[in-house]
Amino acid sequence: MSEHWSEQVLRDSVKNARRVVVKVGSSSLSSVSGGLDMSRITQLVIELAQIHRSGRDVVLISSGAIATGLAPLKLKKRPKDLAHQQAAAAVGQGLLMQHYAELFAAHGILAGQVLLTVEDLTRHDSYNNALRTLGTLLQMGVVPVINENDTVATHEIRFGDNDRIAALIAQLTRADALILLTDVPGLYTAHPDEPGAEKITFVEDVENLDADTSRLGSAVGSGGMKSKVQAAKIASSAGIPVVMTNWQQLGPAARGEEVGTVFAPIDKRRPRRLLWLAYASSSQGKLYLDAGAQRAVVSANASLLPAGLTRVEGNFEAGDPVDLCDQQGTSIARGIVSYSSDELPKMIGKHTVELAESMGHEYDRAVVHRDMLIVLHAGTGSIGDRVN
């Protein structure tokens with residue numbers, strides 16, 4: 001960890017956060033039988049409006065489109081097949097956003113809808129477009145209301161839950177705090193219904209968290225405690241404090257009161273391009289490194305050179321993100337590659353001076369420059385110390 005956080009210091013940092021990302025799940029806003037609970041969404045907006053009036057930027061990631069569409073379509077439970085999920089989302093998203101727009105307007109606040117797919121954040125150009133859009137909305141005092149675009153996403157290209165989106169948006173917008181709202185008071189050592197389960201109020205190192213998060217979420221949601229902990233890992237690895245608490249405790253959480261569970265940042269803030277590489281990019285291939293290259297990349301702040309390559313997998317072009325792997329195939333870093341998959345095989349194991357002499361001076365450069373790669377914590381896919 002880059003610095004020590006006490007629980008009080010962490011909660012104070014959330015209290016003083018200039019930009020807050022708030023995520024609320026379907027189970028907090030609706031039920032299988034009753035659809036959207038207007039009293040809940042009204043209370044949520046009251047709290048969000050109060051945070052906004054205090055001079056802070058607010059970004060809302062809201063689930064609930066599919067759940068909101070259940071009642072109008074006379075569906076008794078969240079459908080399992082994609083087609084019916086998309087139909088429910090198509091009906092529900094408009095209704096959900098209408099309620100948000102009207103409720104925020106009652107407080108003199110303009111809300112703007114932003115629907116995202118996986119590709120919007122995994123492709124670097126669309127990632128930058130999302131950054132510009134959200135930045136402009138916040139600059140103009142608008143509260144962005146973000147949801148996954150369930151009407152067009154497929155099983156193969158969807159986030160699956162809004163917890164990960166919330167963590168990625170917190171990174172993208174350089175948020176000072178992420179608040180994850182759920183239907184339980186916080187994180188427990190086991191499921192809250194189990195005897196002996198104890199609430200965890202402070203997580204200093206989420207990478208070494210000892211808690212059972214295997215139980216699924218509610219009947220109307222798609223996430224669960226496991227996805228929230230994963231979101232906390234992503235955000236905290238980017239230097240962002242995280243609070244997980246009951247949806248009714250948004251106000252106290254934003255004021256730094258002792259509610260829910262707080263997760264301390266486990267790394268300092270990183271440049272956006274490296275956060276995109278680590279968490280939002282879609283790797284197009286694998287580069288296998290020998291032992292010397294692994295040490296150079298992980299420990300010696302070095303670029304990856306052709307001499308350290310042993311194998312190349314995938315189809316990619318220069319400028320694509322690729323994983324740097326050990327000989328067992330475990331990803332140890334991710335970076336922007338300088339050569340295509342057609343060029344690299346003939347460069348394996350060769351020194352740049354040799355390549356420059358035989359293939360031309362344009363080959364006298366790193367395969368992945370140290371400024372364009374990020375080291376991952378082994379086995380977790382989360383950020384380690386930047387190689388730079």
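It should be emphasised that the depicted structure is a prediction, and the values quoted were computed from it without experimental measurement.
- Between the CE atom of M97 and the CD atom of E102 there is a distance of 10.5 Å, given to the nearest 0.5 Å.
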Take L250 and V24 through the test side chain to side chain contact (heavy atoms under 4.5 Å, CB included) and record every step on the way to the result.
CA-CA 10 Å; L250 171 57; V24 61; over 6 Å; no

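- Within the model, atoms CZ of R164 and CD of E148 stand 10.0 Å from one another, a figure rounded to the nearest 0.5 Å.
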Would T201 and V259 count as a side chain to side chain contact (heavy atoms under 4.5 Å, CB included) if you check the C-alpha gap in whole Å, the side-chain angles of each, and the deciding distance to 0.1 Å?
CA-CA 8 Å; T201 61; V259 297; over 6 Å; no

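- Residues V312 and L304 fall within the same hydrophobic cluster, defined by Ile, Leu, Val, Met, Phe, Trp and Tyr side chains chained together at heavy-atom separations under 4.5 Å.
- Take A101 and apply the side-chain contact (heavy atoms from CB on, under 4.5 Å) test, not counting sequence neighbours, and it matches no residue.
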Let me have the donor-acceptor pairs involving side chains of residues 333-349, under 3.5 Å, with sequence neighbours excluded, atom names and distances please.
unit_1: R334; atom_1: NE; unit_2: D323; atom_2: OD1; d: 2.7
unit_1: R334; atom_1: NH1; unit_2: L277; atom_2: O; d: 3.3
unit_1: R334; atom_1: NH1; unit_2: S281; atom_2: O; d: 2.9
unit_1: R334; atom_1: NH1; unit_2: S281; atom_2: OG; d: 3.1
unit_1: R334; atom_1: NH2; unit_2: D323; atom_2: OD1; d: 3.2
unit_1: S338; atom_1: OG; unit_2: A366; atom_2: O; d: 3.3
unit_1: S338; atom_1: OG; unit_2: V367; atom_2: O; d: 3.3
unit_1: Y339; atom_1: OH; unit_2: Y363; atom_2: O; d: 3.3
unit_1: Y339; atom_1: OH; unit_2: R365; atom_2: O; d: 3.2
unit_1: S340; atom_1: OG; unit_2: D342; atom_2: N; d: 3.4
unit_1: S340; atom_1: OG; unit_2: E343; atom_2: N; d: 3.3
unit_1: S340; atom_1: OG; unit_2: E343; atom_2: OE1; d: 3.4
unit_1: S341; atom_1: OG; unit_2: F316; atom_2: N; d: 3.1
unit_1: S341; atom_1: OG; unit_2: F316; atom_2: O; d: 3.3
unit_1: E343; atom_1: OE1; unit_2: S340; atom_2: N; d: 3.0
unit_1: E343; atom_1: OE2; unit_2: Y363; atom_2: OH; d: 3.1

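- Contact record, V91 with L95: O-CG, 3.6 Å, taken as the closest heavy-atom pair.
- When hydrophobic clusters are built by joining Ile, Leu, Val, Met, Phe, Trp and Tyr residues whose side-chain heavy atoms come closer than 4.5 Å, directly or via intermediates, I51 is grouped together with F104.
- A 4.5 Å side-chain heavy-atom check between L309 and L287 finds at least one atom pair inside the cut-off.
- Of all non-hydrogen atoms in K23 and A166, the two that sit nearest each other are CB-CB, 3.7 Å.
- Here E317 contributes atom CD and Q284 contributes atom CD; the two are 10.0 Å apart, rounded to the nearest 0.5 Å.
- Closest heavy-atom contact between A235 and L178: CB-CD2, 3.8 Å.
- Rounded to the nearest 0.5 Å, atoms CD1 (I374) and CZ (R370) are 14.5 Å apart.
- L10 pairs by the side-chain contact (heavy atoms from CB on, under 4.5 Å) definition with W5, S13, F202, P241, V262, A264, P265, not counting sequence neighbours.
- Within 6.0 Å of the CG atom in N315, the count of heavy atoms belonging to other residues, nucleotides or ligands does not exceed 12.
- Distance alone, capped at 3.5 Å, places no donor-acceptor pair between the R18 side chain and the A175 backbone.
- Within the structure, ring-ring contact (aromatic ring centres under 6.0 Å, His included) pairs that include any residue of residues 71-93 do not occur (at least two apart or interchain).
- Crowding of Q327 atom CD: a count of heavy atoms from other residues, nucleotides or ligands under 6.0 Å exceeding 12.
- N147 and N162 share a side-chain donor-acceptor pair at under 3.5 Å.
- In this structure, the side chain of S6 engages the main chain of V9 through a donor-acceptor pair within 3.5 Å.
- Of the possible polar contacts, one joining the S236 side chain to the K233 backbone as a donor-acceptor pair under 3.5 Å is found.
- Around atom CD of E257, more than 12 heavy atoms belonging to other residues, nucleotides or ligands sit under 6.0 Å away.
- Annotation: the span from S28 atom OG to N246 atom CG amounts to 7.0 Å, rounded to 0.5 Å.
- Hydrophobic clustering (ILVMFWY, side-chain heavy atoms < 4.5 Å, transitive): V298 and L305 are in distinct clusters.
- Contact detail for A111 and V145: the closest heavy-atom pair is CB-CG2, 4.2 Å.
- At a cut-off of 3.5 Å, with distance as the only test, a side-chain donor of Q8 or D12 sits close to an acceptor on the other residue.
- With a 4.5 Å cut-off on side-chain heavy atoms, P144 and L138 count as touching.
- Closest approach of A88 and I66 over heavy atoms only: CB-O, 3.7 Å.
- Between the side chain of S303 and the main chain of H369, no donor-acceptor pair closer than 3.5 Å is present.
- Side-chain contact check for T261 versus Y188: every heavy-atom pair is 4.5 Å or farther apart.
- Side chain of H52 to main chain of G141: a donor-acceptor pair is present (N/O by atom type, distance under 3.5 Å, no hydrogens or angles).
- Looking only at distances, a side-chain donor or acceptor of Q171 sits under 3.5 Å from a matching main-chain atom of I234.
- Between L115 and I146, the closest side-chain pair of non-hydrogen atoms is not below 4.5 Å.
- No chain of hydrophobic side-chain contacts below 4.5 Å, direct or via other Ile, Leu, Val, Met, Phe, Trp or Tyr residues, connects V353 to M359.
- For the pair N128/R132, a side-chain contact is recorded, criterion being any heavy-atom separation below 4.5 Å from C-beta on.
- Counting all heavy atoms, side chain and backbone alike, T352 lies closest to P306 at CG2-CD, 3.7 Å.
- Side chains of R19 and R56 form no contact here, defined as non-hydrogen atoms less than 4.5 Å apart.
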Does the side chain to side chain contact (heavy atoms under 4.5 Å, CB included) test come out yes or no for Y288 and L324, once each step is laid out?
CA-CA 6 Å; Y288 289 80; L324 281 57; over 6 Å; no

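- Considering CD of Q86 and CG of D81, their distance stands at 9.5 Å, rounded to 0.5 Å.
- Qualifying salt bridge (charged side-chain N to carboxylate O under 4.0 Å, His left out) partners for R295, counting only residues two or more places apart in sequence or in other chains: none.
- Side-chain contact of S27 with D183: a donor-acceptor pair under 3.5 Å is present, judged by distance alone.
- Heavy atoms of other residues, nucleotides or ligands lying less than 6.0 angstrom from NZ of K15 number 12 at most.
- With sequence neighbours excluded, the residues that form a side-chain contact (heavy atoms from CB on, under 4.5 Å) with I46 are T42, Q43, H107.
- Looking at V114 and L137, their side chains come closer than 4.5 Å, going by heavy atoms from C-beta outward.
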Walk me through it: do F263 and L180 pass the test side chain to side chain contact (heavy atoms under 4.5 Å, CB included)?
CA-CA 11 Å; F263 297 80; L180 299 171; 6.0 Å; no

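- Between K77 and L70, the closest side-chain pair of non-hydrogen atoms is not below 4.5 Å.
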